[in-house]
Amino acid sequence: MSASTWEQRGETFFLNLRFLLILCVFVSNAIEPLISRMIGMNSLYMWIFTFHMPLFVFVTGYFAKTSLTGSTGRKVLVQIGLQYVIFQTLYSILDVTVFQVDHIHHSFFAPYLLLWFLASHLCWRLILLLLQKLSPLRQIAAAVILGILIGYLPLDGTWLSVSRTFVFLPFFIAGYHFSFAWIGQLLTKKFRVVGILLSLTLFFTLMIVGNELVPGWLYGSMTYMQLDTAYWYAGLIRFTLYFLQLFAGACFLAFVPQRVSRLTDYGRRTLYVFLLHGLLIRWAAASPLYDYIDSYAGAFAIIASAVLLTLLLSQPTVKKWTSAAIEPPVEWALHLERRALGNSGAVSK
């Protein structure tokens, strides 16, 4: 099979994967208020967190192959920056005026909830540019070491999303260097059966021991001190978790279809789901909705609603209405950059 064919198959596979992951993001956020009440929801929540963010970062790195350097790379960096400013402002204003949520520090230096991903995505790209002279294997090794060491720093890991940036950095770099041809031939029916069985085994294992695990370890947002594990061996725990996340992510690949379908098209608009679903989650959390959920029937209704809303936010119409904020034009900013560089060059002469 030619390289171009593998590339096309890889794009389809990872677009399908990206949609399933954003679906997991929405579902996990929707059931979070229920995890302290229902062991099944806690198990589902923990199961999702073992793989969905590492895989999402991995897929983001995979699709960064064609847009890391040059004018395209600068355009993406500026667009991520604008997205962050727009939605950090929007969420903060709504928090104060509509949702009236207490105990949240509003600052551009503290990404608001899910917006950490934008701040970290920008940093991942910049860090990878700095590591370009190293071989891919050394880049990943350096990223793993940094992801482990960052936990020892005596700081608040949420500021500038510094903790998550380094904790998930290995997955971004691995995705960037990944070739679908490496696993394309392994995605057989037997692999899918084994992968699904292993993933379900992990789920039921978490149902048994899930209450013993601290979700903060899977979030990646806390230092060891914040996790009350400020001991020399804390880094070994994070290193072990990397293997758990690698295992869980590999198993989840068994759920991903390889053929072009409607999911593939939806996978092109996951950014819209990601940035807009937080508004719905915030509204639901601020409303008395969860006060009425006291059974698994109600919990499954919440999950079904999250699935339907994910499909709704993936529609082309939503992109048409909201693209100005979610994919803001950046040509004006790049034009200002060129003018500034031109003027500085003229002054230096």
Side-chain angles (χ1 to χ4, degrees), residues 17-59 113-114 116-117 164 167-168 171 191-222 226-229 237-257 273-274 277-278 280-282 284-285 289-311:
L17 172 60
R18 194 161 69 178
F19 175 77
L20 293 181
L21 290 174
I22 198 62
L23 182 63
C24 289
V25 170
F26 204 146
V27 169
S28 63
N29 288 334
I31 67 173
E32 186 174 3
L34 305 175
I35 61 176
S36 61
R37 305 183 225 166
M38 304 177 187
I39 187 172
M41 292 301 102
N42 181 65
S43 302
L44 177 60
Y45 182 82
M46 296 293 285
W47 176 74
I48 290 174
F49 263 89
T50 59
F51 64 82
H52 81 319
M53 271 304 124
L55 270 183
F56 215 117
V57 175
F58 179 85
V59 173
L113 299 179
L114 56 86
W116 72 265
F117 194 89
R164 279 169 164 154
V167 168
F168 292 116
F171 298 101
F191 169 84
R192 292 182 179 280
V193 172
V194 173
I196 290 172
L197 289 176
L198 288 174
S199 191
L200 292 176
T201 300
L202 175 61
F203 171 78
F204 288 113
T205 301
L206 290 171
M207 187 172 287
I208 298 172
V209 302
N211 289 330
E212 304 298 323
L213 299 178
V214 179
W217 282 100
L218 298 175
Y219 297 159
S221 60
M222 302 178 186
Q226 291 173 304
L227 290 164
D228 294 325
T229 316
I237 299 176
R238 177 155 289 163
F239 185 66
T240 303
L241 280 176
Y242 277 141
F243 284 99
L244 171 63
Q245 292 167 327
L246 185 63
F247 169 77
C251 291
F252 186 76
L253 296 182
F255 292 92
V256 183
V273 183
F274 185 75
H277 90 281
L280 300 175
I281 293 295
R282 218 52 178 143
L289 173 65
Y290 287 98
D291 295 337
Y292 299 101
I293 308 297
D294 56 3
S295 67
Y296 278 103
F300 289 135
I302 290 291
I303 294 174
S305 299
V307 173
L308 291 174
L309 288 170
T310 302
L311 294 171

Would you say that L44 contacts M207 through its side chain, given a criterion of any heavy-atom pair below 4.5 Å between the two side chains?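 When only atoms from C-beta onward are counted, M207 and L44 do not touch, as no gap falls below 4.5 Å.
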
Are any non-hydrogen side-chain atoms of L206 and T50 less than 4.5 angstrom apart?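 Answer yes - side chains close enough.
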
Taking only residues two or more places apart in sequence, or in another chain, which ones meet Y290 in a side chain to side chain donor-acceptor pair (under 3.5 Å)? none

Sorted by chain and residue number, the side chain to side chain donor-acceptor pair (under 3.5 Å) partners of R18 (sequence neighbours excluded) come out as T270

Would the distance check show the side chain of W47 and the main-chain N or O of S199 forming a donor-acceptor pair, the cut-off being under 3.5 Å? yes

Okay, side chain of R164, backbone of Y219: is any donor-acceptor separation there less than 3.5 Å?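 Indeed, once roles are kept as given, a pair shorter than 3.5 Å links the two residues.
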
For [X], all residues meeting ring pair (Phe, Tyr, Trp, His ring centres under 6.0 Å), sequence neighbours excluded:
X: F239; value: F243
X: F274; value: F117
X: F168; value: W116

Taking it one step at a time, do W217 and T229 satisfy side chain to side chain contact (heavy atoms under 4.5 Å, CB included)? CA-CA 10 Å; W217 282 100; T229 316; 3.7 Å; yes

From CG (L23) to CG (L311), nearest 0.5 Å: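 Atom-to-atom, L23:CG and L311:CG are 7.5 Å apart.
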
How long is the straight-line distance from CZ of R238 back to CG of L244, given to the nearest 0.5 Å? 13.5 Å

Restricting to pairs with a member in residues 240-250, which pass side chain to side chain donor-acceptor pair (under 3.5 Å), not counting sequence neighbours?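 The answer is none; no pair qualifies.
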
